[in-house]
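Data first, discussion second: the structure below is written as structure tokens.
Numbering starts at 1 and runs along the sequence shown. Side chains are part of it too, since the values below use all heavy atoms of this structure and drop only hydrogens, waters and symmetry mates. Just so it is clear, the model here is predicted, and its values are computed rather than measured.
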Amino acid sequence: MMWKKLLIGILVLTTIFINSPVSHGASNYAKRNVTTKVEDSSKYQIIKPEKDIFASPDRIVLVSGKAPDGTNVIIEAFGTTDMTRNNFSLTNLPNDKDYVRRLSETMKVNGSGLFSKELDLILGVNKIVVTFKNASDQVVAQKIIYVSDLNQANKSVKSIPDKKLSDIMAQK
């Protein structure tokens with residue numbers, strides 16, 4: 001009986017991750033990607049998070065990177081609550097007007113050239129905008145993070161009745 005629940009749970013989670021919007025989100029993100037006018041943008045880097053657009057069950061994320069000494073780094077966190085019932089996801093990103101700024105913090109990069117900030121995200125689509133500013137350059141980068149609720153998926157798995165797998169598949 002336990003093996004059936006485990007197998008069904010694995011199938012449900014696999015289905016969720018296979019049909020996840022992560023694989024489809026890159027095309028929407030490319031349309032909104034911010035371009036820079038700096039010739040050597042490699043001196044400004046966001047180390048964490050590594051991906052530009054992704055889904056995660058973690059509500060806390062570390063934003064870290066590197067920049068030349070004395071650079072001002074502005075980290076802004078935006079979130080959206082889906083009051084419009086548009087079902088925002090990585091394949092259906094909100095417009096800029098749908099986001100609400102939740103945090104804006106400016107820090108100066110010291111001699112090590114590194115910076116970091118821990119952010120508390122909301123469930124749903126979050127946008128993190130990092131602006132690097134110094135006397136000669138201004139570079140803007142952004143990350144899109146969809147925070148999902150794994151507790152909801154766990155509840156769905158636990159609510160599966162103790163039936164044969166073939167009976168459950170036949171119902172679909």
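Sorted by first and then second residue, the pairs that involve residues 110-127 and meet salt bridge (Lys or Arg N to Asp or Glu O under 4.0 Å), not counting sequence neighbours, are Asp96-Lys127, Glu105-Lys117. Sequence neighbours left out, the pairs with a member in residues 107-136 that pass ring pair (Phe, Tyr, Trp, His ring centres under 6.0 Å) are Tyr44-Phe132, Phe115-Phe132. Listed by first and then second residue, the salt bridge (Lys or Arg N to Asp or Glu O under 4.0 Å) pairs that reach into residues 62-75 come to none, sequence neighbours excluded.
Side chains of Ile144 and Leu93 form a contact here, defined as non-hydrogen atoms less than 4.5 Å apart. Using a 4.5 Å heavy-atom cutoff, the side chains of Met107 and Ile75 are in contact. Here the side chains of Val63 and Pro49 are in contact, with some heavy-atom distance below 4.5 Å. With a 4.5 Å cut-off on side-chain heavy atoms, Val109 and Pro68 do not count as touching.
Among residues two or more places apart in sequence or in another chain, the side chain to side chain contact (heavy atoms under 4.5 Å, CB included) test is passed with Lys133 by Asn72, Ile74, Thr131, Gln138. Here Ala77 pairs with Leu103, Leu119 under the side chain to side chain contact (heavy atoms under 4.5 Å, CB included) rule; sequence neighbours left out. With sequence neighbours left out, the ring-ring contact (aromatic ring centres under 6.0 Å, His included) criterion links Phe78 to no other residue. When the side chain to side chain contact (heavy atoms under 4.5 Å, CB included) test is applied to Asp58, the partners found at least two apart in sequence or on another chain are Ser56. Partners of Arg101 by side-chain hydrogen bond (donor to acceptor under 3.5 Å, both in side chains), not counting sequence neighbours, listed by chain and number: Glu76. By the salt bridge (charged side-chain N to carboxylate O under 4.0 Å, His left out) test, Lys48 pairs with Glu50, sequence neighbours left out.
Across all non-hydrogen atoms, the minimal contact from Ile122 to Asn126 is O-ND2, 2.8 Å. The heavy-atom pair separating Pro94 from Tyr99 by the smallest distance is CD-OH, 3.5 Å.
Taking CD from Gln142 and CD1 from Ile53, the interatomic distance works out to 9.0 Å, rounded to the nearest 0.5 Å.
A donor-acceptor contact shorter than 3.5 Å is absent between the side chain of Thr71 and the backbone of Asn134.
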Intermediate values then yes/no, side chain to side chain contact (heavy atoms under 4.5 Å, CB included), Ile145 and Leu121: CA-CA 9 Å; Ile145 304 169; Leu121 304 177; 3.9 Å; yes

